[in-house]
Amino acid sequence: MPELPEVETLRRTIQAVLPGRTILAVQVLWARTVEPITPTEMDARIAGRTVIGTDRAGKLLILELDDGAALTVHLRMTGELLFRPDRTKNRDSTREPYLRAVFDLSGNSELCFYDTRKFGRIGYVPPGNREELMARRGIEPLGKSFTIDRLSSLLMRKRSIKPLLLDQSLVAGLGNIYVDETLFRAGIHPLRIASSLTRDDVERLHGSIIAVLSEAIEHRGTTLRDYRSGLGDAGENQHRLHVYGRANAPCVTCGTLLERLVVAQRGTVHCPRCQPLTQLGRPRQSPSR
DNA sequence: CACAGCTCCTGGCAGC
DNA sequence: TGCTGCCAGGAGCTGT
């Protein structure tokens with residue numbers, strides 16, 4: 001599952017090759033890949049536009065166009081965006097059945113969107129609608145405004161910590177893999193009620209979120225099966241996961257066998273010893289100010 | 001407000 | 001070998 005580190009790695013690789021390229025045409029092979037407009041409208045609106053930059057909001061990749069419009073790419077589960085410098089060369093024929101959209105670009109290049117499960121989406125945001133796009137999105141965990149106090153205020157609710165961290169409208173970019181890794185690193189059980197976390201817990205959680213995401217970006221993302229960078233390269237972070245996918249294996253810290261449970265309909269792995277389900281500590285007061 | 005359940009999808013795999 | 005059926009899950013939605 002591509003999460004913030006994978007999308008950021010994708011953005012960086014794309015940023016190096018895409019700006020300055022003009023979109024000549026777009027072919028959509030699975031109509032529902034594009035939204036909220038039809039493939040025909042998409043082609044009509046972006047043909048002739050030049051990509052001037054890239055951005056990212058949580059797990060959403062943003063391609064900025066020269067008329068103020070933008071394309072948004074959400075990889076969901078299995079999406080892949082691949083830049084091909086020479087479109088006259090043959091594509092990988094084994095992947096052709098999963099090709100959902102192709103952008104013909106200037107300089108004989110192309111941008112391919114592959115997506116096995118068809119959950120991924122490419123959105124069109126008209127000129128002037130960027131504010132609207134960025135509105136109701138959660139805070140960027142690697143941004144300056146992600147402070148301990150800010151996180152603390154987001155956690156002032158009677159809700160389990162894991163589903164809360166997965167909620168993109170609160171914190172943007174964490175998915176199943178990095179939430180489990182983050183909670184393990186912070187020593188917090190995934191079912192702890194968020195408002196029961198002590199100030200100390202929140203500080204460790206805050207540091208863990210930043211550290212886990214930053215390190216994953218340094219290792220160019222986690223490739224379990226499908227994820228690739230914009231140039232087709234796999235990441236290396238899958239070799240550094242402590243809990244995700246390691247149910248019944250020994251905890252790297254204490255050797256206790258890791259346990260799997262289902263939280264928010266998602267497979268969840270944790271160490272019962274390092275992440276005890278105790279509700280110590282009184283509920284915190286709202287940060288004064 | 002919290003959350004269970006459903007939808008969208010298909011490859012991989014366990015079980016028979 | 002070949003089939004069936006279940007599982008994985010991000011996000012938007014509805015219902016309780």
Side-chain angles (χ1 to χ4, degrees), chain A residues 1-8 10 28-37 56-62 72-81 92-101 113-123 125 132-141 153-183 190-197 213 216 221-228 238 241 243-248 258 260-270 279 283 286:
Chain A
M1 297 73 63
E3 305 178 26
L4 188 153
E6 290 71 40
V7 179
E8 178 59 19
L10 168 62
V28 179
L29 294 94
W30 177 253
R32 271 188 277 183
T33 295
V34 299
E35 64 179 12
I37 56 180
R56 180 187 57 72
K59 303 175 192 174
L60 199 64
L61 174 71
I62 299 167
T72 60
V73 181
H74 200 309
L75 305 176
R76 291 286 177 89
M77 309 293 296
T78 56
E80 285 174 57
L81 201 57
D92 178 352
S93 61
T94 65
R95 322 236 5 262
E96 207 66 5
Y98 311 116
L99 185 61
R100 307 305 181 196
F113 183 71
Y114 293 95
D115 189 17
T116 306
R117 293 189 198 173
K118 301 178 177 173
F119 282 179
R121 294 291 179 265
I122 299 176
V125 182
E132 200 175 309
L133 167 69
M134 308 305 277
R136 68 183 227 283
R137 295 200 62 86
I139 189 166
E140 275 296 318
S153 66
L154 290 176
L155 300 183
M156 299 298 303
R157 36 193 106 198
K158 202 174 173 184
R159 189 177 174 190
S160 298
I161 186 67
K162 174 159 178 173
L164 192 153
L165 291 177
L166 285 172
D167 188 333
Q168 302 300 301
S169 70
L170 300 176
V171 179
L174 292 170
N176 206 35
I177 297 172
Y178 295 113
V179 165
D180 277 11
E181 293 299 314
T182 289
L183 290 174
L191 287 175
R192 276 285 295 281
I193 299 299
S195 57
S196 82
L197 297 188
L213 295 178
T222 298
T223 298
L224 294 176
R225 165 174 247 97
D226 302 289
Y227 172 73
R228 295 292 183 281
Q238 61 276 16
L241 299 178
V243 287
Y244 184 88
R246 295 193 66 241
N248 302 316
L258 300 178
R260 179 184 187 276
L261 47 142
V262 176
V263 179
Q265 279 87 257
R266 284 167 187 84
T268 300
V269 183
H270 73 291
Q279 303 282 340
S286 297

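The sequence lines fix the lettering, A, B, ..., with proteins before strands; numbering per chain opens at 1.
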Nearest-Å distance for atom pair [atom1]/[atom2], residues [X] and [N]:
X	N	atom1	atom2	answer
D167(A)	dA11(C)	CG	P	9 Å
L174(A)	dA11(C)	CG	C1'	15 Å
L4(A)	dA11(C)	CG	C1'	16 Å

ask   = With R225(A), which residues qualify under side-chain contact (heavy atoms from CB on, under 4.5 Å), at least two apart?
value =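 side-chain contact (heavy atoms from CB on, under 4.5 Å) check on R225(A) returns nothing, list empty.
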
inquiry  = Run the side-chain contact (heavy atoms from CB on, under 4.5 Å) test against L170(A) and tell me which residues pass, sequence neighbours left out.
reply    =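 L170(A) satisfies side-chain contact (heavy atoms from CB on, under 4.5 Å) with L154(A), R157(A), R159(A), L164(A), D167(A) once adjacent residues are dropped.
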
Please tabulate the protein-to-nucleotide N/O contacts below 3.5 Å involving nucleotides 6-9 of chain C, giving atom names and distances.
from, atom 1, to, atom 2, distance (Å)
dA8(C), OP1, R260(A), NH2, 2.5
dA8(C), N3, R117(A), NH1, 3.0
dA8(C), N3, R117(A), NH2, 3.4
dG9(C), OP1, N176(A), ND2, 2.9
dG9(C), OP2, G267(A), N, 3.1
dG9(C), N2, R117(A), NH1, 2.6

Just by distance, do the side chain of [X] and the backbone of [Y] share a donor-acceptor pair under 3.5 Å?
X	Y	value
E3(A)	K59(A)	no
S195(A)	I193(A)	no
Y227(A)	E6(A)	yes
Q168(A)	G58(A)	no
D180(A)	V269(A)	yes

Extract all donor-acceptor atom pairs below 3.5 Å that involve side chains of residues 28-37 of chain A and protein atoms in other chains or at least two apart in sequence.
from, atom 1, to, atom 2, distance (Å)
T33(A), OG1, W30(A), O, 3.0

ask   = Taking OP1 and OP2 of dG10(C), is either one under 4.0 Å from a side-chain nitrogen or oxygen of H74(A)?
value =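 No, no such contact exists.
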
request  = Please round to 10 degrees the angle between the axis of the first five pairs and the axis of the last five pairs in the helix from dA2(B)-dT16(C) to dC16(B)-dG2(C).
outcome  =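 Between the first-five-pair axis and the last-five-pair axis there is 50°.
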
Closest non-hydrogen atom pair between T268(A) and P190(A), with its separation =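 Looking at all heavy atoms of both residues, the closest pair is CG2-CG, 3.6 Å.
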
ask   = Can you tell which of R117(A), R95(A), R228(A), R100(A) makes a salt bridge (charged side-chain N to carboxylate O under 4.0 Å, His left out) with E80(A)?
value =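 It is R95(A), the one option of R117(A), R95(A), R228(A), R100(A) that forms the salt bridge (charged side-chain N to carboxylate O under 4.0 Å, His left out) with E80(A).
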
Charged N-O contact under 4.0 Å between E8(A) and R56(A) =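 So E8(A) pairs with R56(A) through a salt bridge.
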
Positional range of nucleotides in DNA chain B within the contact set of chain A, heavy-atom, under 4.0 Å =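 So the outermost contacting nucleotides come out as dA2(B) to dG12(B).
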
inquiry  = Let me spell it out: for each of R76(A) and Y98(A), pick the nucleotide of DNA chain B with the closest heavy atom. Which residue's pick is nearer the 5' end?
reply    =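 The residue whose closest nucleotide sits nearer the 5' end is R76(A).
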
query = For DNA chain B, whose closest nucleotide is more 5', that of R225(A) or that of S160(A)?
reply =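 Final value for this comparison: S160(A).
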
